Number of protein chains: 2
Amino acid sequence: MSLRESPIGGRRPTMRDVAARAQVSFKTVSRVVNDEGGVSPLLERRVRKAIEELDFRPNVGARILRRSDRRTASIGLLLEDVANPFSAAVQRAVENEADQRGVVVYSASLDEDPARERALAKAFGARGVDGLLLVPAGGDQSHLAAELRAGTAIVCLDREASNLPVDSVVATNEIGAAEGVRHLAAAGHRRIAFIGDRRTVATARQRHAGYLEALRGCGLPLDPALVVQDVRDTATADGVVTALLGHPDPPTALFTAQNLVTVGAVRALRRMGLEHAVALVGFDDFLLADLLSPAVTVVAQDPAAIGRTAAGLLFARIDGDTVPPRCRLVPTTLIRRGSGEIPPS
Amino acid sequence: MSLRESPIGGRRPTMRDVAARAQVSFKTVSRVVNDEGGVSPLLERRVRKAIEELDFRPNVGARILRRSDRRTASIGLLLEDVANPFSAAVQRAVENEADQRGVVVYSASLDEDPARERALAKAFGARGVDGLLLVPAGGDQSHLAAELRAGTAIVCLDREASNLPVDSVVATNEIGAAEGVRHLAAAGHRRIAFIGDRRTVATARQRHAGYLEALRGCGLPLDPALVVQDVRDTATADGVVTALLGHPDPPTALFTAQNLVTVGAVRALRRMGLEHAVALVGFDDFLLADLLSPAVTVVAQDPAAIGRTAAGLLFARIDGDTVPPRCRLVPTTLIRRGSGEIPPS
DNA sequence: CTGTTAGCGCTTTCAT
DNA sequence: ATGAAAGCGCTAACAG
């Protein structure tokens, strides 16, 4: 393991360098490197020795360029934001699946910006990824049609693609949200507020739809004053909840449709001293939700399952699966912890 | 934006295809694509039209293979585990820096496994990354020497490299831990327990050293029964804390040297109903630490600064910087929130 | 079993 | 201003 002086400058050694050192033709080196067989033990030993001595490593780029299948054994992962625990959990699951298959992963955060979606899909596409795993950022993925035609597999996750015939893997957003809201209604609440993410985000729209559906199903009136959309960060959510609860006829329960929004609501309730008075159910679980007081009731998603499933579908496509695009639903689970079981005051 | 039928099968179009369609030599296409200039406006327009019509995108792999500088505009990021908020924050910061420079990022989680470190560094190296950003997983990085010689820049983060002359960016682990422990001692605690990660992890050793230093500095005796190392997950930490507090002469304060360990301690204290009786200071901040009761006092790291700084150093190296390896320290901050200010009982 | 030749898609060098 | 030829490091298709 000593730091040998390589005889060939700072350059990485090539098969020709190895061949020269082992006194064989460079095709023989290729055979050994690729375990093609058909090389005498003597030569093979010489080649392996030379490889070791030079610390030769095949140039993957050159290999890909020449190979007939054009596989790069790489995929691109386009998330909303890795710093968000949901995205991070998805990435981890994807990495596991990819790693198992000897596939490397490019990753990037899009921050809900369609321009970034286009730019990064293009950048990854130009690098010849075999597949793209995408959390759609905009309302239109048709720009990826050429990528698809060029043979790049694409699977969307967390949200379905628009105007692009690809598989997708999403949580049961509408069903889950409806379940959360019904849970509040079952506790006797009639004034349940909805605070959700931007309407440009499909999951936000679905969760809102679930909210409306649950109200209808429970025979509760819809009060537009209790619905606030386009809230995407903790600080804004905090402000919104503060305002809602300051109204003359405030809600007795809150349904927060995104994890950062839930956290903002917790902060607002805490500051107003209302955390044990106003019920709260959040969509998407978060670390320590069970240690707050009251512990936060949530409609939990399963990001690891979403990532794993999406990667599975992607690799199936890469391996030649051509069935029509499907949408796989990953179930959500209502976790009762306390905040969602507070009765109306 | 319609889905045009490309005239050339499922294959991606090449410069030759563009050249044929634009009726020019393919070198002219290359000139246009690379903005080399020296192309008449007429031909340039024809070429751009053909590029548009065929949705041509240069094959990055082929370009790299031929170029003299051998740059791939890609880097590899080897983290401990993206699912850990610390790693996720680092990745996000790195992505930002890379993106700004038009560089793509391969990422992977090593799970503290030296074999994975070797395998993934090798995989990324074979793909010709310009640089590697690494959270060292084992006690020896000398296997990367060949990579370094081959011209790959390497910067370690969170921990320094062993047996490899590269830059590193780490938090002030020892200083920060000592500050946290002194803070507990200042509140009057004399029996302060230390619960830390595996001793194979350099940061764990440094934080332990900080603990010892603070005890010495405060004239407190070291009780080996209060020191538990090699704890790496929440469940184990929970058990360890439960055991410690069940002893005849229990600690009155806990210093937990890793974020998951801190969470485990919070769970144990809560279950035992001691969260307001036993003081707690954790190393590394976590989401919602301020909303727990008591809110958790921590020695906060700045993962974003660590990632940003490391990426900066890496790109400087890639751009030819050859000063001797440096180690950059990123300061930690003690955040008093309540749990660390509980006096001894 | 081993070696030769061609050429992946592109940039470089050199010619026109 | 344009193009032809060479060749990056490798695999594929054929020889021997």
Side-chain angles (χ1 to χ4, degrees), chain A residues 6 8-48 50-51 54-73 125-128 150-151, chain B residues 6 8-48 50-51 54-73 125-128 150-151:
Chain A
S6 73
I8 48 158
R11 233 183 69 226
R12 284 186 120 88
T14 73
M15 282 192 177
R16 295 200 134 83
D17 298 319
V18 175
R21 186 170 245 268
Q23 316 248 57
V24 295
S25 83
F26 89 119
K27 173 69 236 200
T28 299
V29 176
S30 169
R31 286 201 174 91
V32 172
V33 169
N34 295 295
D35 289 315
E36 273 180 42
V39 177
S40 74
L42 172 67
L43 288 196
E44 167 152 2
R45 225 170 325 120
R46 278 197 346 232
V47 170
R48 293 212 183 274
I51 287 176
L54 294 174
D55 193 44
F56 164 78
R57 274 130 78 176
N59 179 320
V60 176
R63 163 181 290 165
I64 292 161
L65 193 55
R66 194 60 186 86
R67 284 176 63 128
S68 41
D69 65 7
R70 274 307 146 97
R71 289 287 172 75
T72 58
R127 296 184 116 91
Chain B
S6 75
I8 48 158
R11 233 184 68 227
R12 284 186 120 87
T14 73
M15 283 192 177
R16 295 201 133 83
D17 298 318
V18 174
R21 187 170 245 267
Q23 316 249 56
V24 296
S25 82
F26 91 120
K27 171 68 236 199
T28 298
V29 177
S30 169
R31 287 202 174 91
V32 171
V33 168
N34 295 294
D35 290 313
E36 274 180 41
V39 176
S40 73
L42 171 67
L43 289 196
E44 167 153 2
R45 227 173 319 121
R46 286 210 324 246
V47 170
R48 294 211 183 275
I51 287 175
L54 295 174
D55 192 42
F56 163 79
R57 274 130 79 176
N59 179 320
V60 176
R63 163 182 288 164
I64 291 162
L65 193 56
R66 194 62 186 84
R67 283 176 64 125
S68 40
D69 65 7
R70 275 304 146 100
R71 288 287 171 75
T72 58
R127 296 185 117 92

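So you know, we letter chains A, B, ... as the sequences are listed, proteins then strands, and number each from 1. Owing to the predicted nature of the structure, the values given are computational and were not obtained by experimental measurement.
- Nucleic acid contact for B:Leu43: sugar-phosphate only, since backbone atoms but no base atoms lie under 4.0 Å from a heavy atom of the residue.
- Contact detail for A:Gly38 and A:Arg31: the closest heavy-atom pair is O-CD, 4.3 Å.
- Contact footprint of chain B on DNA chain D: nucleotides with an atom under 4.0 Å from a non-hydrogen protein atom, first to last in 5' to 3' order, D:dA1 to D:dG9.
- Residues A:Val47 and A:Val18 share a closest heavy-atom pair of O-CG1, 4.1 Å.
- Within the model, atoms OG1 of B:Thr28 and CE of B:Met15 stand 10.5 Å from one another, a figure rounded to the nearest 0.5 Å.
- Toward the 5' end of DNA chain D, the nearer of the two residues B:Arg70 and B:Val39, judged by each one's closest nucleotide, is B:Val39.
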Could you list the donor-acceptor pairs under 3.5 angstrom formed by side chains in residues 58-68 of chain A, with sequence neighbours left out?
unit_1  : atom_1 : unit_2  : atom_2 : d
A:Asn59 : OD1    : A:Gly61 : N      : 2.8
A:Asn59 : OD1    : A:Ala62 : N      : 2.9
A:Arg63 : NH2    : A:Asn34 : OD1    : 2.9
A:Arg67 : NE     : A:Asp69 : OD1    : 3.3
A:Arg67 : NH2    : A:Asp69 : OD2    : 2.9

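- Salt-bridge formation is not detected for the pair B:Arg21/B:Asp55: no Lys NZ or Arg NE/NH1/NH2 atom is positioned less than 4.0 Å from an Asp or Glu carboxylate oxygen.
- Think of the region where chain B sits on DNA chain C: with heavy atoms and a 4.0 Å cut, that region ends 5' and 3' at C:dG9 to C:dT12.
- For the pair B:Gly125 and A:Arg57, the tightest heavy-atom approach, listed with the atom from each and the gap, is CA-NH2, 4.2 Å.
- The minimum heavy-atom distance linking B:Val39 with B:Glu44 is given by the pair CG1-N, 3.8 Å.
- Residues meeting the side chain to side chain donor-acceptor pair (under 3.5 Å) test with B:Ser40, sequence neighbours left out: none.
- Both B:Ser25 and B:Arg66 lie near DNA chain D, and the one whose nearest nucleotide falls closer to the 5' end is B:Ser25.
- Taking the C1' atoms of five terminal pairs at each end of the helix from C:dC1-D:dG16 to C:dT16-D:dA1, the two resulting helix axes are inclined by 40°, rounded to 10°.
- By the salt bridge (charged side-chain N to carboxylate O under 4.0 Å, His left out) test, B:Arg46 is found to be paired with no residue, residues two or more places apart in sequence or in another chain being considered.
- For B:Thr14 against B:Phe56, the heavy-atom pair with the smallest separation is C-CE1, 3.6 Å.
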